[in-house]
Amino acid sequence: MDYKALAERLLPGEYPSLASYEEKYPPRDLPKGAQVTRLAPSPTGFIHLGNLFAAIVNERIAHQSGGILYLRIEDTDLKRKVEGAVEAVKNALRYFDIKFDEGAEIDGDNTYAPWYQRQRAEIYRAFVKHLIEIGRAYPCFCTEEELTKLREEQTAKKEITGYYGKYARCRNLSEEEIYKNLDAGKPFVIRLKSMGNPENKIKFRDAIKGEITVTENDQDVVILKSDGIPTYHFAHAIDDHFMRTTLVIRGEEWLASLPIHIELFDVLGFERPRYGHNCSLMKQDGDTRRKLSKRKDPELSLEFYRKEGYYARAVKVYMLTLLNSNFEEWYLKNPEKPLEEFKFTAEKMSKSGTLFDIDKLNDISKNELSKLSAEEMFDFLKSWADEFGTEAQKGYFEDRDKMLKVLTLCMGIGGKKRRKDFTTASQAMDFIRYFFEKPASYEEYRVDGETKRTILEGFLAKYDPADDSQAWFAKIKEIAAENGFAAEMKDYKASPEAYRGSVADVAEVLRIATTGKANTPDLWTIQQILGEEETKARIGAAM
RNA sequence: GGCCCCAUGGUCAAGCGGUUAAGACACCACCCUUUCACGGUGGUAUCAUGGGUUCGAAUCCCGUUGGGGUCACCA
């Protein structure tokens, strides 16, 4: 068969020589050991925790080695394209401090551009044409229905599904048949003519998993779709070669197609990059666990975490503890150091799927937030409220002084120990609500109505906003004693039956009356912040 | 089903042939405390299984079981 003529018929026209592409996209001039990694999302606009998980690995490995992280957009599938998706990806990742050196919509070196695969059609076609010319690729005229039927037959016969060996019908089409189909205007795809044999095993060193075995590919996979755009597999080979990627870190779901990629790199005469297949982030689903999915788990989208007001650094710290088993220990010893100082290694990455644990994230969040100054917390909460808060919540920030006092108290700043009540911005805003709005509801009092009233009246009678904390508490003790409650905790513990309760119960009544809640920071300070008028009004209203 | 990956408490995990099998989260108890939060002390709980190899196995090998991934003109 005249492959050259066939190639010309299939992909007519002059294409630049293959060598010219090697010149145009030369090997990068980087220090020894520097890694070039990439993030290559499809522009669906949806990014979830799993994407961030991978992004952090790529970012750390590139920048730690003095290399490059770039952003490539895999938009070969038009159906999945969403407007504004690239911006969304960039914004979401910027929030987590992932910075690109080059790539789509990135202000950087454009030697290896274009970064959108749709704009790279010419390169792909040039190489597809070459493969046809050397007889390693061929046109396939099978329709979707025919392929579906083939798959069903194979399944019924319990054979391996796919387009391979004797099932690769178009592979053996005669020259005549091919041209007849072409003349009839039948649509076609270009398939790789695989030379692999699944009996052969290839030993492979994965940067994360270590020594692995894969089976040689024998599938005649589609490399050019009928719209003239390549499939992921082919684009991956071309792009990662010409963008001079040295390390491809990707999810382990790609392990299954690694044989295809190996064959493609080989047939194209490209040196293969190193691969690292990282485990997926799993989610408990009933009594089984499964990979995070964008369809089923919208609550795991990065947007969800921004809406909840998770602190970016906390999420990053959590990802890092999952990603590198020795990170947590390092961080415990170096809580103040920048995260970049941690030496990230592919070897310390987990080989098995990790279950996402919101409790652990929440714990880390509390810790991270408790390290902030009142001003930093103010800024964090305000920027969250500006975007996601209610009108009332936005109003909390009008009196800056008051808010700083509230935060100082609620974070325990100035005390012996920092408080850790805040998990997320939205939860924190709920937590401090009572400083700015009257209680919408009251937790249940544990004393009867008569006692409650007596206590509140007693408090109002003695209340003096000028009292310091000690004088204030002394009065609470008096009220306790007057009503048959133990003024001293020790006395109550020594003989609980001698009292109706303790000063703690009296304080609780006042606490609920003032804030609506049984659990709050120091009540005296709260009343100081609220001021005399508001304090009296609230106590009065609770009677 | 074929192929591939994985396997230490409920979760994340340390461990690289000899350990009382770390640590963190969660949980429980107690202490501290006007509540809560913080902090402190203690506790419950793990090497999936069967065979080897070895003086000795969580660690090495094989089988089994279990879990996961993947089998598109999607990435």
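A, B, ... follow the sequence lines: proteins, then strands. Residue 1 opens every chain. Reckoned from all heavy atoms, side chains included, excluding hydrogens, waters and symmetry mates.
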What is the nucleic acid contact for [X], judged by heavy atoms within less than 4.0 Å: base, sugar-phosphate only, or nothing?
| X | result |
| --- | --- |
| A:Arg191 | sugar-phosphate |
| A:Val222 | sugar-phosphate |
| A:Asn326 | nothing |
| A:Ser325 | sugar-phosphate |
| A:Ala518 | base |
| A:Ser226 | base |
| A:Leu322 | sugar-phosphate |
| A:Thr213 | sugar-phosphate |
| A:Ser370 | nothing |
| A:Lys291 | sugar-phosphate |
| A:Lys157 | nothing |

For [N] versus [M], give the span between their [atom1] atoms, rounded off to a whole number of Å.
| N | M | atom1 | result |
| --- | --- | --- | --- |
| B:rA14 | B:rC6 | P | 14 Å |
| B:rC62 | B:rA22 | C1' | 31 Å |
| B:rA45 | B:rA13 | C1' | 15 Å |
| B:rU20 | B:rA58 | C1' | 16 Å |
| B:rG50 | B:rA57 | P | 14 Å |
| B:rU44 | B:rG10 | C1' | 12 Å |
| B:rC32 | B:rA21 | C1' | 33 Å |
| B:rC36 | B:rG42 | P | 23 Å |

Send over the distance from [X] [atom1] to [N] [atom2], rounded to a whole Å.
| X | N | atom1 | atom2 | value |
| --- | --- | --- | --- | --- |
| A:Leu369 | B:rA37 | CG | P | 17 Å |
| A:Arg151 | B:rA72 | CZ | P | 5 Å |
| A:Glu253 | B:rG68 | CD | P | 15 Å |
| A:Glu252 | B:rC4 | CD | P | 15 Å |
| A:Lys420 | B:rC36 | NZ | C1' | 15 Å |
| A:Glu211 | B:rC60 | CD | P | 14 Å |
| A:Asp363 | B:rG23 | CG | P | 16 Å |
| A:Asn519 | B:rC38 | CG | P | 12 Å |

Report summary line: Dot-bracket for RNA chain B, 5' to 3', Watson-Crick and G-U pairs with both distances under 3.5 Å, [ ] for crossing pairs, | for partner on another strand, reads ((((((((.[[[..)..(....]]].(((((.......)))))....[[[[[..)....]]]]])))))))....

Starting the side chain at C-beta, find the nucleotide from [options] nearest to [X].
| X | options | answer |
| --- | --- | --- |
| A:Val189 | B:rA24, B:rC73, B:rG39 | B:rC73 |
| A:Arg511 | B:rG2, B:rA13, B:rU34 | B:rU34 |
| A:Ile212 | B:rU34, B:rA37, B:rC5 | B:rC5 |
| A:Asp359 | B:rC5, B:rA24, B:rA26 | B:rA26 |
| A:Lys348 | B:rG68, B:rG15, B:rU34 | B:rG15 |
| A:Thr215 | B:rA75, B:rA13, B:rC3 | B:rC3 |

Query raised in the report: So, do A:Phe342 and A:Tyr331 have ring centers that fall under 6.0 Å from each other?
Result: no

Report task. Run the ring-centre check on A:Tyr305 versus A:Tyr318 and record whether the distance is less than 6.0 Å. Result -> no

Query raised in the report: Salt-bridged, A:Asp467 to A:Lys462, with N to O below 4.0 Å?
Result: no

Query raised in the report: Are the charged groups of A:Lys79 and A:Asp77 less than 4.0 angstrom apart, N to O?
Result: yes

Residue pair [X] / [Y], side-chain donor-acceptor N/O under 3.5 Å:
| X | Y | result |
| --- | --- | --- |
| A:Tyr499 | A:Asn483 | no |
| A:Glu159 | A:Tyr167 | yes |
| A:Tyr124 | A:Asp239 | yes |
| A:Gln427 | A:Thr424 | no |
| A:Tyr70 | A:Thr245 | yes |

Requested in this report: Anything under 30° is parallel, anything over 60° is perpendicular, the rest tilted; go ahead and classify A:His261 against A:Tyr275.
Outcome: parallel

Report summary line: Between A:Val214 and A:Tyr232, the residue closer to the 5' end of RNA chain B by nearest nucleotide is A:Val214

Query raised in the report: Taking for each residue the nucleotide of RNA chain B bearing the nearest heavy atom, is the 5' side occupied by A:Glu508 or by A:Lys158?
Result: A:Lys158

Report task. Test A:Arg446 against A:Glu444 for salt bridge (Lys or Arg N to Asp or Glu O under 4.0 Å), laying out the working first. Result -> CA-CA 6 Å; A:Arg446 283 186 300 172; A:Glu444 208 174 318; over 6 Å; no

Query raised in the report: Of all of residues 72-80 of chain A, which get a heavy atom below 4.0 angstrom from RNA chain B, listed by number?
Result: A:Glu74, A:Thr76, A:Asp77, A:Arg80

Query raised in the report: Checking A:Gln527 side chain against A:Pro465 main chain: does a donor-acceptor pair fall under 3.5 Å?
Result: no

